[in-house]
Amino acid sequence: MGQNLTQKILQAHLLSGALEPGQEIGIRIDQTLTQDATGTMAYLQFEAMGLDRVRNELAVSYVDHNTVQVGFENADDHRYLEAIAAKYGIVFSKPGNGICHQLHLERFAVPGKTLLGSDSHTPTCGGIGMLAVGAGGLDVAVAMGGGPFYLSAPKVVNIRLKGRLKPWVSAKDVILKILQVFTTKGNVGGVFEYSGPGVKTLTVPDRATVTNMGAECGVTASVFPSDEITRTFMEAQGRGAHWQELAADPDAVYERTEEINLAALEPLAAAPHSPGNIETISSLEGIKVNQVLIGSCTNSSYRDLKTVAKILEGRRIHPDVSLGISPGSRQVLRMLAADRTLSVLLDAGARLLENTCGWCIGNSLSPETNAVSLRTSNRNFEGRSGTASARVYLVSPETAAVAALFGRITDPRVHEELKYPKVKMPATFDIDDSMFLQPPADPASVQIPRGPNIGAPPKNDPLPDSLAGRAAIKVGDKVTTDHIMPAGPRLKYRSNVETYATFVFENVDASFAQRAAANRDQGIHNVIVAGESYGQGSSREHAALCPMYLGVKAVLAKSIERIHLANLINFGIVPLLFEKPADYDRIEKNDALAIDGIRRRVSEGQATVTLRNETRQADIPLKLALSERERHILLAGGLLNHTKQTQSA
Ligand code: MIC
Ligand code: SF4
């Protein structure tokens, strides 16, 4: 029986377990990436592991999220990250170099290798034929130390592309269509693998747009074959020597196959407030637009921004629109400057923003009250833009540019006066790696500066014998890690858990952190009660680490997303799933909850436990689906404790 591409890469990296969907496997990680917002904590944890050097093939530390630098905190983090990179053998990408996923695709991604990154959009590099996975910072720290990364052997879904995209329809519309078909729920444990004759009609940056937003479907990774198009891209990046051809066997077997006819697609949008809320642009015709932002790790390549410039060339944007453009990398920015594309954008009335994440994470460019904001990024969760009342639509660069011209959402295809620009991929990219700092061969003299905002990672106690606590909060479906642990202006506290923890669920229930801390101080265990797809979105482990600090011991949910589930376990919080989803209705906020002998039950590997709701005199069965490794981590009170125990044993 033939293998699919995902199986081939996994097989070549398999350290433990069998490739049977749902089984826990351990794989070798070739490359790692971190970014500053998750990286500082990841490296603090790496330091706590006591190793003297990273042990994987390539580790890169990017600074791209917190470059606004209001106050000293971000700059202190950057200095810390730079020194850590030098000390432990990590390549350091300086602030101003670009967004981690765009840069990694340009300069480091290699077909057939594995990449683990402390950012949920790490699967972007699947566009070049890598198996690229997002994870919490602690898992990435372990991989940097040469340890295996554990995941469920995936169910591989074949997305067969046929046909060719029509004018005004681009890669963003492909992934928005896939989000419509697969939605943002129910895909945990899957990998999307692309195949079919349509693949060769997409450039590597197009493919990367598609793999980037697979994260919004909740799959572990998305992967394209590596073909001649990949080779041409890598050669144009001066990296042709690292190319290899990769494809599924002709008789490969998949869990499911879904066919997408590229020629039948039309411009689409993800409407407020979920990337899965897909509408056609024609059905949104006429909605007045206040802000248009083009960039982010989804759509900020040279091809994307050149296309936008060609649409805007010789025209002025609508007077009521604020148009912001942030290139994905310094390479993109320098190329736009060199061929005067930048002037075209500026002449049209665009605001040029730094080539970083910036507005995408809500740390700048928040729109006005009740604004409609069109963005080429990947997440439009309520409030993520920094303006609670804003309505954010996710669209392609083409649709965004045309909306900026007309001041409203409009189907580009109906405007005969606009010619669809065909942008060719450059024969060579402008290569200047001077903002990547290579670590010195002899790091003995490197001192690690720690600003006053950088605190040690908090410690946790082993799992208690019994759970005796309270439902500290009850939330609904699709609660994202942005809801749990807001970013934007709070981002600067990522390396200071004590302060950052005061903002847990800030925009959902402002008094949560205070209540939870008071419970913790009285020895009452906090429990979070949630609906479906709890922990969607980002990989930020702070969404588990800060609740741990506030004394959260368990999460009861209808379902939990992959990265967040791993993060909960890594920080000693027991994930429990309702056996009967309707039992969610039998718990209310502040109910007294107990699980007798939880420690023993976890230790014995019991698959079901009974929760006693003492307030409502109800017994509720819960599933405890854990591997043996996960059980040991929970018993120890988290992965750091567990690692220390096994090291000293
Ligand atoms: C995001 O897009 O939400 C982020 C910010 O890149 C996060 C990482 C973080 O919270 O630092 C992610 O996607 O993992
Ligand atoms: Fe940065 Fe936005 Fe991409 Fe996250 S989604 S890595 S914040 S550009």
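Start at 1 and go down the list; that is how both ligands and their atoms are numbered. Residue indices begin at 1 and follow the sequence shown.
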*Please walk me through it: do E506 and R490 pass salt bridge (charged side-chain N to carboxylate O under 4.0 Å, His left out)?*
CA-CA 10 Å; E506 185 189 17; R490 308 302 185 204; 2.5 Å; yes

*Any chance you could lay out the salt bridge (charged side-chain N to carboxylate O under 4.0 Å, His left out) test for D77 and R494, step after step, and finish with the verdict?*
CA-CA 9 Å; D77 280 357; R494 284 282 174 96; over 6 Å; no

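The closest protein non-hydrogen atom to atom 4 (Fe) of ligand 2 is H65 NE2, 3.8 Å.
Contacts with ligand 1 closer than 4.0 Å are made by no heavy atom of H542, backbone or side chain. Of all the heavy atoms of Q35, none lies under 4.0 Å from any atom of ligand 2, so neither backbone nor side chain is involved. Of the heavy atoms in D64, none comes closer than 4.0 Å to ligand 2. Both the backbone and the side chain of D119 come within 4.0 Å of ligand 1, judged by heavy-atom distances.
Polar contact with ligand 1: present for R384 (N/O pair, distance under 3.5 Å). At a 3.5 angstrom cut-off on N or O pairs, D482 does not count as close to ligand 1.
When each atom of ligand 2 is checked for a heavy atom of C360 under 4.0 Å away, the hits are 2 (Fe), 5 (S), 7 (S), 8 (S). Counting the atoms of ligand 1 from 1 in the order shown, those under 4.0 Å from a heavy atom of I361 are 5 (C). Residue H65 has at least one heavy-atom neighbour below 4.0 Å for each of these atoms of ligand 1: 4 (C), 5 (C), 6 (O). Atom numbering of ligand 2 starts at 1 in the shown order; those under 4.0 Å from a heavy atom of D119 are 6 (S). For ligand 1, the atoms sitting less than 4.0 Å from at least one non-hydrogen atom of T38 are 9 (C), 11 (O), numbered in the order shown with element in parentheses. Heavy-atom contacts of N378 reach the following atoms of ligand 2: 5 (S) (cutoff under 4.0 Å).
When atom types are taken as modelled, the side chain of T209 and the backbone of T298 share a donor-acceptor pair closer than 3.5 angstrom.
Taking the six-membered ring for Trp and the full ring otherwise, the centers of F233 and F429 sit less than 6.0 Å from each other.
Neither side chain, H101 nor N212, offers a donor N or O lying under 3.5 Å from an acceptor on the other. Counting only N and O atoms by type, the side chains of N299 and T376 include no donor and acceptor under 3.5 Å apart. Residues T32 and N56 bring a donor and an acceptor atom of their side chains to less than 3.5 Å of each other. Q35 and H121 form no side-chain donor-acceptor contact under 3.5 Å, judged by distance and modelled atom types alone.
Using 4.0 Å as the threshold, R379 has no heavy atom nearer than that to any atom of ligand 2. Using a 4.0 angstrom heavy-atom cutoff, Q35 counts as in contact with ligand 1.
At a threshold of 2.8 Å, atom 1 (Fe) of ligand 2 has no backbone or side-chain N, O or S atom of H101 nearer than that distance.
Checked for salt-bridge contact, R303 and E398 meet the test: a charged N lies under 4.0 Å from a carboxylate O.
In plain terms, the two heavy atoms of A557 and Y534 that are nearest each other are CB-CB, 4.2 Å.
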